Amino acid sequence: MIGFDEAFATVMAETRPVEGVALVAVAEGLGRVLSMPAIAPADVPNHANSAMDGYAVRTADLSREGSVTLTVVADLPAGDRLERALGAGEAVRIMTGAPIPPGCDCVVMQERVRRDGDQVGIPAGCLPGDNIRPAGEDIQAGSVVLPKGCRLRPAHLGLLTSLGFERIEVYRQPVVAVLSTGNEVVEAGTPLLPGQVYDSNRTALRAALLALGVKVLDLGLVRDDREALAAAFARAGHEADAVISTGGVSVGDYDLVKEVLVGQGSIHFWQVAMKPGKPQAYGRLGQARFFGLPGNPVSGMTVFMLIVRPALLKLMGASEEPPRRMRAAFRGMLRKKHNRRDFLRGIAHFDEAGPWVETTGPQGSGILTSVARANVLILLPEEPLELRDGDPVTIQWIEHD
Ligand code: AMP
Ligand code: MG
């Protein structure tokens, strides 16, 4: 049995981004990962422009003591441009976003002026640069706007479009095979016989994989049978970049996943000092990383969140982000006796009292409602310990995509 930190480090060290890139339309890029940095081809904004509705003027024409009267020679809505430079004594009516005409160095808010026909009175106190957004204020041409490894979110797609990108180079989407094992596991839609359970693992895992942005290869439900497993594994090892199975990794008579995996690939570890999730099998199957999760829905989902998800993100090419953790005050009473890292399902609250956390209730590994209700995992150290009201604990945010 190895420790959680060692298991995590092993998996991460052995995972590399997929090979192969694709060109996709920016509009189709949600969830994809940049395989090269996005470099700004031009300044944003591309031209100094007005931050206000008002009058563009030359401060050289203004007076420090009192107001001056200028002649309005043009009207500039956003989208229009004035090519010629302003002469002495001239002003331009300008709208927010319109480019500053050559020679102007200040925009005076319309609330501050007095307009009379084509004459406009400009008060004292207007300074060069006032109400002007300089070119490149947001982004300078040639700068890296998004780094390689950026997982594209809606705002990133908007930003890329603002720079004129139509298509971007992203990593190929990894193919992740999922399969459930267990003779007692059945598809929803048929009445359950005594001893049967519905295949909740595959539903939850498929959804988690889709949210992550990989391609799912659903290999369905496989019976606890060497030949059936071998056939499913052969296909998975051939077609997928990663394989996730659930069930069959414990020490029971029908726990055949490890045995079949060793026959077709290799196993790197198969027990981790964590709770839930002690039985699991990590290894290789052909070109693919193999994650044999425990059948228990709570255990399987916990191992997925803590180990598989970060590894899949790395496989997708995404830059590594540390898990979002913080300290919170524990509310309740709890005694931990075993010597394994414990990952309790918790509900964190953020209110005036500061962050505090309670467990979701009973923490048995068969209690799937605990995962459904949780927004954090409470991370407890390996050593036995007792927690009382107010004790500080570390929590880790449960990510949903
Ligand atoms: P196993 O890891 O195969 O020993 O399974 C452990 C427990 O998880 C058993 O109670 C199984 O019935 C249950 N289980 C296994 N696979 C699934 C599944 N796909 N969906 C829901 N429960 C499952
Ligand atoms: Mg089983």
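Counting convention: from 1, in listed order, for ligands and their atoms alike. No experiment lies behind these values; they were computed from the predicted model shown.
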Is [X] touching ligand 1 with its side chain, its backbone, both, or neither, if touching means heavy atoms under 4.0 Å apart?
{"X": "V249", "answer": "neither"}
{"X": "R202", "answer": "neither"}
{"X": "P279", "answer": "neither"}
{"X": "S200", "answer": "both"}

Looking only at protein heavy atoms, identify the closest one to [atom] and say how far it is in Å.
{"atom": "atom 6 (C) of ligand 1", "value": "N296 N, 3.6 Å"}
{"atom": "atom 2 (O) of ligand 1", "value": "G295 N, 2.9 Å"}
{"atom": "atom 12 (O) of ligand 1", "value": "E184 OE2, 2.6 Å"}
{"atom": "atom 4 (O) of ligand 1", "value": "D255 OD1, 4.0 Å"}
{"atom": "atom 17 (C) of ligand 1", "value": "N201 ND2, 3.3 Å"}

Is [X] reaching over with its side chain to a backbone N or O of [Y], donor-acceptor style, under 3.5 angstrom?
{"X": "D389", "Y": "G332", "result": "yes"}
{"X": "E83", "Y": "R81", "result": "no"}
{"X": "K314", "Y": "T15", "result": "yes"}

Kindly confirm or rule out an N or O of [X] lying under 3.5 angstrom from an N or O of ligand 1.
{"X": "D199", "result": "yes"}
{"X": "G247", "result": "no"}
{"X": "S250", "result": "no"}
{"X": "G248", "result": "yes"}

Any luck finding a side-chain donor-acceptor pair between [X] and [Y] under 3.5 Å?
{"X": "T96", "Y": "D53", "answer": "yes"}
{"X": "R115", "Y": "Q110", "answer": "no"}
{"X": "R324", "Y": "Q396", "answer": "no"}
{"X": "T71", "Y": "E90", "answer": "no"}
{"X": "H238", "Y": "Q287", "answer": "no"}

Are any of the heavy atoms in P297 under 4.0 Å away from ligand 1? yes

Heavy atom of T181, distance to ligand 1 below 4.0 Å: yes

Against heavy atoms of [X], which atoms of ligand 1 measure under 4.0 Å?
{"X": "Y198", "result": "20 (N), 21 (C)"}
{"X": "V197", "result": "12 (O), 22 (N)"}
{"X": "T246", "result": "19 (N)"}
{"X": "S180", "result": "19 (N)"}

Give a yes or no on whether the ring-centroid distance for F304 and F291 is below 6.0 angstrom. no

Short N-O contact, D105 and R58, less than 4.0 angstrom: no

Under 30°, 30 to 60°, or over 60°: which ring-plane class applies to H268 and Y282, parallel, tilted or perpendicular? perpendicular

Does the protein put a heavy atom under 4.0 Å from atom 10 (O) of ligand 1? no

Student check: side-chain heavy atoms of L387 and V393 closer than 4.5 Å: yes

